[in-house]
Structures are given as C-alpha cells and as structure tokens.
Amino acid sequence: MSKYRCNSCQAEYSDTTPQGAPYFHSCSPEIIEHATFDAEGKQLTPEKRTPRDHIRNEHTRTDIVERDGKFGVVVGSMALEGGEQFTPLDSLILSEGLGRTLVE
Amino acid sequence: MADQEYERLTLNRGAGAFSTPGVDPKFVPTDFVPRPAAPLVTFKTKDTEPPSTLYVSQEDSLQIRVFSYLAGQSLNVLLRTLRPDGTVFETSQNFPLAAVQTLQTFQVNLEEGYLLGLLVAYNATGAAPHTNWIAVNLLRNGSVQVLVSGQLTPGAFLGWPGGPMLMPRDGAGVIRSITGSTPAAGAEINEVVPTNLRWNLLAFRYSLTTAVAVANRESNLTMDDGVNIFVTDVSSFTQAASLTETYAWMQNVQRQQGAQATVLTLPLPAVLLEGGFRIRTSTTNLQAADQYTAPQYLVQEWFDNQ
C-alpha cells in the first residue's frame, strides 16, 4: 500500500483500499475561485468555478482490448477494408495529468 | 401416571402416520430378518453409451473469459475427457491474470472425445474482496455454446455440467469499503465509479473542517454521469466558520442531526451507478482553507461490461 499526491490537484490517496483492492484516483474537474465575505458575512466577490486542465484520471480506458496477452487499442475492424490494427499501450489509464508523487 | 401417559402418546407411533394416540394398537418392534435375493435390475458393462452428450473434436476449443482486476491472481482450469478408446483423460492449465479492468481471454485446445467435466478454480487465497466474472464457452470459429458463467471467490469452484449461467449483473455482487482521495484545501470531494463496474452506493461519509473565514457553508452531494448531474442531495445544514462536521449519507435513513455529536445522518438515494459516473460534494460558499477528509464509502459492486 503506497500513498501518493496527485501533481494535478494536490489530492492525497492510497493506491489500495483498506481491504486490499486497488483504488483509482480521479481529479476533481473544477478549479474554484472562492467567494469572499466581509466580517459580517456579506459577500464581496462571487465564487467562480472553471474546468481543470491536466486532469489525472487513473481509471482504465474504456476502449482497451486484449490481444494475445497484451492490452491496447484497436482501430478498424476485420470486417472492413484495411482490417484491424492493434496498438499495445504501456499505460492503460484515461489520462496521466501532471503525474503523481510518492508520499510514503 | 406420567409413565402411562408417555406410553400412551409414544408407543403406538409406529402404527403409521395417521395413528391416533390411545386408540390405535401399539407398535411392537420385531427382530430384523435379512432376506437376500438376486437384484431385479441389471446393468450394461460393455458397449455402453458415453455418459456425456457433449462431443468435441480437435477443431473445438474452450474459450475462458475472465474479468478480475486484482493483481497476482490466477485461474486453474481442469478438464476430464472420455477418449474414443475409452480412457479418461484429465488435463489442467493455469492462467495468470493481469490486473486490468477489462475482459481477458484464454483458450484451451481440446482433443476428440466426450467432455465429461470442467472445473474452474480461482487462485486468490487471502485476496481482498473484489469483483470477478468468468465465462467458459465452447469455441469453433466462434462461440457456439456457453458451458458455465458466474462469479468466483477463493476456494469456490465453477463447474460443468450443472454449473450456473450467471450474467455479470446477476447475483448479490461484492461489498467493498473504499477510502477515497483527500482533496486539497478548498477543493471538493470527487469519486468515480471504475471502468466496467456497476455500483450501488450504500453509504458515503466524510468530515468538513471549516476555516476561520466568515461564510455559511452547506455541504451537498451530487451524482452525475461524468457530465450531467442527475442527483442533487442537499444536507440542509449550515456550517459556519471554525467548525468540524461529519456528514454520513446512508440509504434507508431519515435526516437526523446529532444532539451532542457534530454528526449529520443524511438519506442517500438508491441509485445504480455505471463506470465513469461520479459522486461529488457540491459545497455552497466553500472557502480556500476549508478541508474535506477523504470519504469512506461502502458499495455493492458488479462487473458490468456494457
């Protein structure tokens, strides 16, 4: 069980659940510019939420297939002209983002 | 008197199912007398028909499809085949499984004969609870017959004949407890259903510690399909600055606020979530130094290869 910090959103997580199964981190999709308030609670500036760039999503791609023990993606089809082209992949996750850092 | 009553109620039970205590004659047991006789039924021991209806040739093979995302596991497949010469042939193969969230496929070539039996065992002793699904098909240029399909746990077997034919979404699923990600300060919680899995979210619990900044926060929960929100669950609780509150969302409860404890019990809808769906907090007036803990949640999980 290892603990990581996501370089994209700074969240911290373990790559394993308490029962030992794998855990897959996914960044929150928004960056928040928080609203500000005065000492009496009156709002000074509104909150603003914008989409996050460089999202890290460790879940497996949905288009992964297996061919002869290797995992990758397929373009085309055996039924069509040009046939099927299988490309093995080193990384099967949806997006690397800015990577992650081992914490402990 | 008690003995007589006991005798009346019990000793004539042997007279039959409809015997009436105190009325029917008593059952008097006799000594067993063996009466040997020649059996009336005889059996064919030569030129018998094969005991299996599944004839396979060398052009047939078994296709084993497996979904299992835990590392370090393997599958054992054992076969018994009745050869044309009358001998019974046994074979077993072991297939190491990759830890990926997609179907893996293996093939076992067959020799000519009658398939007598098939057994699939999952080598995952001590493994964490996790979802898997296994299907064994007979293959000749394409799948022609499903022999057995279902879920396995370490120590349990799937077999043919007589085994189940379960689809991935059948059955009770697997119960998993998951610790999510601790978001950065000022950020929302975001958890995603893994690829090729289906969840029934049973409970979702986290704490929010608000910073000194003056603002009235409200921590709510949303669920979406990756883009479109279809559940918004409001806590209806205002959390002021410099407080720590625990939000415990659960199915089949009513909203309750702790009288002394800073805990809120909140109802969770019974909604099935597919791979890629998200469970997120949506906090009104969240401040930059507010801090959520990692959520701890309980799910009922199935493999769901849509």
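Below, chain A is the first sequence line, B the second, and so on; all start at residue 1. These numbers come from the heavy atoms of this one structure, side chains and all, not from hydrogens, waters or symmetry mates.
In this structure, A:Gln85 places its CD atom where only 12 or fewer heavy-atom neighbours from other residues, nucleotides or ligands lie under 6.0 Å away. Other residues, nucleotides and ligands contribute at most 12 non-hydrogen atoms within 6.0 Å of the CG atom of A:Asp68.
Contacts of B:Leu103 with chain A are made by backbone atoms alone, with heavy-atom separations under 4.5 Å and no side-chain atom involved. Only the backbone of A:Cys27 has a heavy atom closer than 4.5 Å to any heavy atom of chain B. Proximity to chain A (any heavy atom under 4.5 Å) is shown, for B:Tyr292, by neither the backbone nor the side chain. Neither the backbone nor the side chain of A:Glu33 comes within less than 4.5 Å of any heavy atom in chain B. Using a 4.5 Å cut-off between heavy atoms, B:Gln107 makes no contact with chain A at all. For a residue to count as touching a neighbouring chain, one of its non-hydrogen atoms must lie under 4.5 Å from one of that chain's; by this rule A:Asp38 touches chain B with the backbone only.
In this structure, B:Arg176 and A:Gln19 approach most closely via the heavy-atom pair CA-OE1, 3.4 Å. Pairing each heavy atom of B:Arg278 with each of A:Pro29, the nearest pair is NH1-CG, 3.2 Å. Among all heavy-atom pairs drawn from B:Asn190 and A:Ser26, the shortest one is ND2-O, 3.1 Å. Smallest separation of non-hydrogen atoms from A:Ala21 and B:Tyr69: CB-CE1, 4.5 Å. In terms of heavy atoms, A:Cys9 sits closest to B:Ala184 at O-CB, 3.4 Å.
Looking at residues two or more places apart in sequence or on another chain, you find a side chain to side chain contact (heavy atoms under 4.5 Å, CB included) between B:Gln63 and B:Arg65, B:Thr105, B:Asn137, B:Leu139, B:Ser143.
Panel note: side chain B:Gln287, backbone A:Ala35; a donor-acceptor pair is recorded below 3.5 Å.
At a heavy-atom cut-off of under 4.5 Å, chain B is reached by A:Leu92 from residues 87-104 of chain A, listed in order of number. Heavy-atom proximity under 4.5 angstrom to chain A picks out nothing from residues 229-240 of chain B. Within residues 49-67 of chain A, the residues having any heavy atom under 4.5 Å from a heavy atom of chain B are, by residue number, A:Arg49, A:His59, A:Thr60, A:Arg61, A:Thr62, A:Ile64, A:Glu66.
In this structure, B:Thr283 OG1 and A:His34 NE2 are separated by 9.0 Å, a value rounded to the nearest 0.5 Å.
At a cut-off of 3.5 Å, with distance as the only test, a side-chain donor of B:Ser181 or A:Tyr23 sits close to an acceptor on the other residue.
With a 4.5 Å cut-off on side-chain heavy atoms, A:Phe71 and B:Thr102 count as touching. For the pair A:Phe24/B:Thr195, no side-chain contact is recorded, criterion being any heavy-atom separation below 4.5 Å from C-beta on. You'll find the side chain of A:Ile32 reaches within 4.5 Å of the side chain of B:Glu188, heavy atoms only.
The most heavy-atom pairs under 4.5 Å with chain A, out of B:Pro183, B:Gly276, B:Ala288, come from B:Ala288.
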